[in-house]
Amino acid sequence: MSISLKQIRYFIAAAESGRISQAAVELNVSQSAVTAAVQQLEALLGVRLFERHAAGVALTREGSRFLLHGRNIMAAVAEAVREPRAAGAAVAGTVRVGVTYTVAGYFLPRHHARFASSFPGVTLSLHEAPRDAIEQALLDGALDIAVMLVSNLEAREALACETLIRSRRRLWLPAEHPLLREERVGLAEVARNPYILLTVDEAGDTAGRYWARSPHRPEVIFKTSSVESVRSMVAAGMGVTILSDLVYRPWSLEGQRLERRELADDVPTMDVGLAWRATAELTPAARAFREFLNLACAGQG
C-alpha cells in the first residue's frame, strides 16, 4: 500500500484542528474516515503520529516531522496544479451554470472563490432551479453546464454527466438516543422511531425508493424542504432521519448535538456531479470549470 494525498490531507486537518471530530467536519467526511487515514499512515510509516487524550489529539515528535513533510507535499502538488493553470489566465467568457438547492448551499460555495481566483477572466452565471427545470434548460441551450445531484438525473440519453463526489447517507440521531449504542442500524430499527422527512431536491422521492425495497416503512411525522429544520428537529429529539454526509453538521442552530450511525441496509449514496447536453461542445470557459471541479474533488469520498 502506498501513501495517498487524501491520507496526508486528512492527517494535516487533524493535526491543525487537534481533534479528529473537528477535522472530519472541516473535510466534510466521517470521523471514521479521518481515523482510518491516520491509522493507515501510522501503519505505513511504522510510527505513532498522534498521542490520543480526552480533549483530542496531539502530535508526537515523529508526527511533527511528518506534518512538515506533509505540508511540503501538498504545497508542491498545489504548485504543480497552478503552473498549467497559468495559461488558464487567458481563458475568458461567461459560463451559465445550473445548480440545485443542495449544491448551492452545501457544495459549490467552497469551490467558487478558488475557481474565480484561478480563472479571473471567467464569470460564472449561477441559476438555481429544480432538477427537471435544469435538465430542460441544458437541452434547450439556456444553460451551458450544471452542478447537480446526478444520482437523480433522468434525461441520461440526451445529457452527458460525470460524478464528482459520492456522499453516503446515514442515520441522524439526537444525542443519547438508544440506537447510538449500535454501530450499525437497520431500517427495521429506524422504522420504530418518529421520522423527519426532507423533501427538497427530490430527497423524499429518493427515500421512498430505498424504503420501498424494504418490508419496513418510516413513521413520518413531519415533512419539510428545509435541511436546517430537519437538523433542529432531530437534535431536539422529535425524531430521526436518513440524510447524506454532505449536509451533515454536528450541531443544530440551537446548539444541540446530532450524531450519526451507519446503516446496515443498502441505501444509495447522494452523488453530486456535472451534467451538460451530450451533443454540445463546451466552450473553453466551461471546460475550464469542468476540469477545475474534477481536480478539486479528486480523492474526496
Side-chain angles (χ1 to χ4, degrees), residues 27-30 95-112 115 124-140 142-172 196-213 218 223-231 241-249 260 263 265-278 280 282 286 289-301:
L27 293 164
N28 197 35
V29 299
S30 67
V95 185
R96 299 166 300 171
V97 183
V99 293
T100 50
Y101 170 85
T102 304
V103 166
Y106 296 91
F107 174 79
L108 192 59
R110 64 179 177 271
H111 299 299
H112 187 279
F115 177 80
L124 297 181
S125 178
L126 303 178
H127 305 270
E128 182 183 291
R131 188 266 316 154
D132 55 349
I134 288 178
E135 288 192 35
Q136 191 59 54
L138 290 170
L139 296 173
D140 293 342
L143 291 173
D144 301 308
I145 198 167
V147 191
M148 59 192 298
L149 304 186
V150 293
S151 45
N152 293 344
L153 204 64
E154 288 194 352
R156 294 184 179 272
E157 293 185 2
L159 295 174
C161 71
E162 55 194 12
T163 299
L164 296 171
I165 64 166
R166 300 184 189 276
S167 180
R168 285 184 299 170
R169 288 184 168 94
R170 288 191 272 189
L171 177 65
W172 292 16
I196 313 298
L197 181 66
L198 182 69
T199 59
V200 74
D201 272 356
E202 303 172 292
D205 296 336
T206 302
R209 287 193 293 273
Y210 61 73
W211 277 102
R213 298 196 299 266
K223 298 180 181 181
T224 176
S225 61
S226 167
V227 177
E228 293 306 324
S229 292
V230 174
R231 199 188 320 279
T241 196
I242 296 172
L243 285 178
S244 82
D245 287 350
L246 180 67
V247 298
Y248 174 76
R249 302 294 183 271
R260 290 177 295 183
L263 290 160
D265 295 272
D266 181 26
V267 173
T269 58
M270 187 179 77
D271 301 344
V272 176
L274 296 164
W276 62 95
R277 193 170 79 251
L282 294 178
F289 180 62
R290 174 191 171 192
E291 292 167 3
F292 173 87
L293 283 182
N294 271 281
L295 185 60
C297 296
Q300 292 188 21

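In terms of heavy atoms, Y210 sits closest to P268 at CD2-CD, 3.7 Å. When all heavy atoms of Y106 and L246 are compared, the closest pair comes out as O-CD1, 3.6 Å. When all heavy atoms of A286 and V95 are compared, the closest pair comes out as N-CG2, 3.6 Å. Of all heavy-atom pairs spanning F292 and F115, the tightest one is CZ-N, 3.5 Å. Nearest approach of V29 to R260, heavy atoms of both residues: O-NH2, 3.9 Å. Scanning all heavy atoms of the two residues, the minimum distance from V230 to T241 falls at CG1-CG2, 3.6 Å.
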Practice task
Test side chain to side chain contact (heavy atoms under 4.5 Å, CB included) on E162 and W276 and set out the steps.
Solution key: CA-CA 9 Å; E162 55 194 12; W276 62 95; 3.8 Å; yes
Problem - side chain to side chain contact (heavy atoms under 4.5 Å, CB included) evaluation trace for H111 with C297 - result: CA-CA 9 Å; H111 299 299; C297 296; 4.1 Å; yes
Exercise for the section: Could you go through the side chain to side chain contact (heavy atoms under 4.5 Å, CB included) check for L164 and N294 one step at a time? Expected result: CA-CA 6 Å; L164 296 171; N294 271 281; 3.9 Å; yes
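In this structure, the separation between CG on L124 and CG on L108 is 7.5 Å, given to the nearest 0.5 Å. Of the inter-residue distances, the one linking I196 atom CD1 with S229 atom OG reads 10.0 Å to the nearest 0.5 angstrom. Interatomic distance, CG of L143 versus CD of Q136, reported as 11.0 Å (0.5 Å rounding). Atom CZ in F107 sits 5.5 Å away from atom CG in L293 (nearest 0.5 Å). Distance check: T206 OG1 to R169 CZ gives 5.0 Å after rounding to the nearest 0.5 Å. Atom CG in L138 sits 8.5 Å away from atom CZ in R277 (nearest 0.5 Å).
Judged as a side-chain contact (heavy atoms from CB on, under 4.5 Å), and not counting sequence neighbours, the contacts of A203 are L198. The side-chain hydrogen bond (donor to acceptor under 3.5 Å, both in side chains) test applied to D271 returns R166, T269, not counting sequence neighbours. With sequence neighbours excluded, the residues that form a salt bridge (Lys or Arg N to Asp or Glu O under 4.0 Å) with R170 are D245, E262. Not counting sequence neighbours, the partners of E228 by the salt bridge (Lys or Arg N to Asp or Glu O under 4.0 Å) test are R231. Under the side-chain contact (heavy atoms from CB on, under 4.5 Å) criterion, A133 pairs with A129, P130, sequence neighbours left out. Residues that satisfy the side-chain hydrogen bond (donor to acceptor under 3.5 Å, both in side chains) test with R249, not counting sequence neighbours, are absent from this structure. Annotation: side-chain contact (heavy atoms from CB on, under 4.5 Å) contacts of D266 (sequence neighbours excluded): R213. Partners of T224 under the side-chain hydrogen bond (donor to acceptor under 3.5 Å, both in side chains) rule, at least two apart in sequence or in another chain, do not exist in this structure. The side-chain hydrogen bond (donor to acceptor under 3.5 Å, both in side chains) search around S151 returns none, not counting sequence neighbours.
One side chain, R168 or S30, offers a donor N or O that lies under 3.5 Å from an acceptor on the other.
Applying the salt bridge (Lys or Arg N to Asp or Glu O under 4.0 Å) test to residues at least two apart or on different chains, the pairs with a partner in residues 131-140 are R131-E135, R131-E154, R131-E202.
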Under 3.5 Å donor-acceptor pairs involving side-chain atoms of residues 97-105, not counting sequence neighbours:
residue	atom	partner	partner atom	Å
T102	OG1	D201	OD2	2.7

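Residues L274 and V147 are in side-chain contact: their nearest non-hydrogen atoms beyond the backbone lie under 4.5 Å apart.
Although no hydrogens or angles enter the test, the distance criterion places no donor-acceptor pair under 3.5 Å between the side chain of T199 and the main chain of G204.
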